[in-house]
Amino acid sequence: MAQTDPISVLLVEEDPAARANIAEILVRAGMVVDLAEDGAEGLKRAASGRYHVIILDRTLPHLSGIDVVTRMRVAGIEAPVLMLSALGRSEHRVEGLESGVDDYMAKPFEPDELIARVRALWRRAGRLQQDSVLLFGDLECHVKARTAHRGGRHVPLSPKEFALFRYLMEHAGEVVTREMLLRHVWKLSFDPQTNVVDVNVGRLRRKLEEGFDSAVLETVWGTGYRLIAAHG
């Protein structure tokens, strides 16, 4: 799918009125929209690989939106996902983003913001396709495949750990602050007052360094974190 094509969207929404309203907003913005009314149908359609962006309601029959995106990422379906939900508290956003969601919007929302978010995800996906492998030292980040490697060895990561790894690779050698990670990886413009960043950085560090003699992810005390080239 080329970036010159109309944006192709899969909308998975249980409520018929909401489904029709959202579809109308997207079609008026020049997008092509396919519809699904439950999680199982949405997952099946997503597997076709036809969509630039997938919009998922969080509360769906058969499979929840969280279940759908989790299974998508395990199956290697890489289309960016925007989750819609009446649950807008920070812990709900964090849970959605941890599962592999790329963006999260609370209901109700403004039509213009929905269109802007979808277009932003489409542009971001296009940039990632152009730069599909990031290299730093003995680390490799395969963006399209959503896989990580060190020294030629595959490093299994959860969807959120991979998003964290990708962001660090995009800024390899630079100090990345906790606030930057919350904003760009967790899509939070505020501190949820949890240790979610520290926990995920710790898990990522252990996975990247297990079986190796040298560190590649360091804590810059009082500032943030930095990927460093392995020694030796």
Side-chain angles (χ1 to χ4, degrees), residues 56 58 64-67 69-74 78 80-83 85 87-106 117 120-121 124 128 134-143 145-151 153-232:
L56 279 175
R58 184 183 175 114
S64 72
I66 296 290
D67 290 334
V69 75
T70 300
R71 295 191 187 194
M72 280 176 53
R73 298 316 186 208
V74 169
E78 62 194 35
V81 173
L82 170 61
M83 179 165 282
S85 177
L87 304 174
R89 296 175 59 182
S90 63
E91 59 264 34
H92 299 135
R93 290 172 57 88
V94 167
E95 182 185 14
L97 294 163
E98 288 278 2
S99 71
V101 168
D102 297 273
D103 201 357
Y104 194 105
M105 284 187 70
R117 298 276 192 104
L121 289 174
R124 188 187 312 162
L128 293 179
L134 303 173
L135 303 174
F136 180 70
D138 62 352
L139 296 172
E140 300 178 24
C141 177
H142 294 251
V143 174
R146 292 178 179 257
T147 58
H149 303 263
R150 181 175 180 189
R153 182 192 307 173
H154 175 250
V155 180
L157 301 178
S158 71
K160 186 51 60 180
E161 289 165 355
F162 176 78
L164 174 60
F165 176 62
R166 185 181 76 194
Y167 188 79
L168 289 167
M169 285 290 284
E170 290 170 346
H171 299 270
E174 304 172 13
V175 176
V176 174
T177 67
R178 190 171 183 274
E179 290 72 24
M180 291 167 67
L181 294 174
L182 284 169
R183 184 167 64 253
H184 295 286
V185 178
W186 277 266
K187 306 298 188 296
L188 296 174
S189 57
F190 58 93
D191 190 335
Q193 301 301 315
T194 70
N195 64 346
V196 63
V197 172
D198 311 291
V199 168
N200 278 272
V201 168
R203 289 173 180 165
L204 177 61
R205 178 186 284 119
R206 287 192 294 274
K207 290 184 177 183
L208 291 177
E209 297 178 358
E210 184 178 4
F212 293 90
D213 295 331
S214 55
V216 289
L217 178 53
E218 67 175 3
T219 299
V220 181
W221 295 108
T223 306
Y225 308 94
R226 176 170 52 201
L227 277 182
I228 55 175
H231 299 294

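For reference, positions follow the sequence shown, starting with 1.
Among pairs with a residue in residues 208-219, those fulfilling salt bridge (charged side-chain N to carboxylate O under 4.0 Å, His left out) read Glu218-Arg226, at least two apart in sequence or across chains. Residues in residues 199-228 take part in no ring-ring contact (aromatic ring centres under 6.0 Å, His included) pair, two or more places apart or across chains.
Closest of all the heavy-atom pairs between Glu170 and Leu134 is CG-CD1, 3.7 Å. Heavy atoms only, all atoms of each residue included: Glu140 and His142 are closest at OE1-NE2, 2.9 Å. The minimum heavy-atom distance linking Phe136 with Ala229 is given by the pair CE2-N, 3.5 Å. Here the shortest heavy-atom pairing between Leu181 and Tyr167 reads CD2-CD2, 3.6 Å. Scanning all heavy atoms of the two residues, the minimum distance from Ala148 to Leu157 falls at CB-CD1, 3.5 Å. Minimum heavy-atom separation, Thr223 to Val175: CG2-CG1, 3.3 Å.
The shortest side-chain heavy-atom distance between Asn200 and Val185 does not fall under the 4.5 Å cut-off. Between Ile66 and Met83 there is a side-chain heavy-atom pair separated by less than 4.5 Å.
Within the 3.5 Å criterion, the main-chain N or O of Trp186 finds no donor-acceptor partner in the side chain of Lys160. No donor-acceptor pair closer than 3.5 Å links the side chain of Arg73 to the backbone N or O of Val101.
Going from atom CZ of Arg205 over to atom CG of Leu227 covers 10.0 Å, rounded to the nearest 0.5 Å. If you take CZ on Arg117 and CG on Asp103, they are separated by 4.5 Å, rounding to the nearest 0.5 Å. One distance of note links OG of Ser85 with OH of Tyr104; it measures 3.5 Å at 0.5 Å rounding. Within the model, atoms CG of Asp138 and NE2 of His149 stand 12.5 Å from one another, a figure rounded to the nearest 0.5 Å. Between atom NE2 of residue His184 and atom CG of residue Leu168 there is a gap of 12.0 Å, rounded to the nearest 0.5 Å. Note that CZ of Arg183 and OG1 of Thr177 are 6.5 Å apart. Values are rounded to the nearest 0.5 Å.
Remark: Glu161 engages Lys207 in a salt bridge (charged side-chain N to carboxylate O under 4.0 Å, His left out) (not counting sequence neighbours). Residues that satisfy the side-chain hydrogen bond (donor to acceptor under 3.5 Å, both in side chains) test with Glu179, not counting sequence neighbours, are absent from this structure. For Arg146, the salt bridge (charged side-chain N to carboxylate O under 4.0 Å, His left out) partners are Asp102, not counting sequence neighbours. Scanning for salt bridge (charged side-chain N to carboxylate O under 4.0 Å, His left out) contacts around Asp198 gives Arg178, with sequence neighbours left out.
Of the N and O atoms on the side chains of Ser158 and Arg203, not one donor lies less than 3.5 Å from an acceptor on the other residue.
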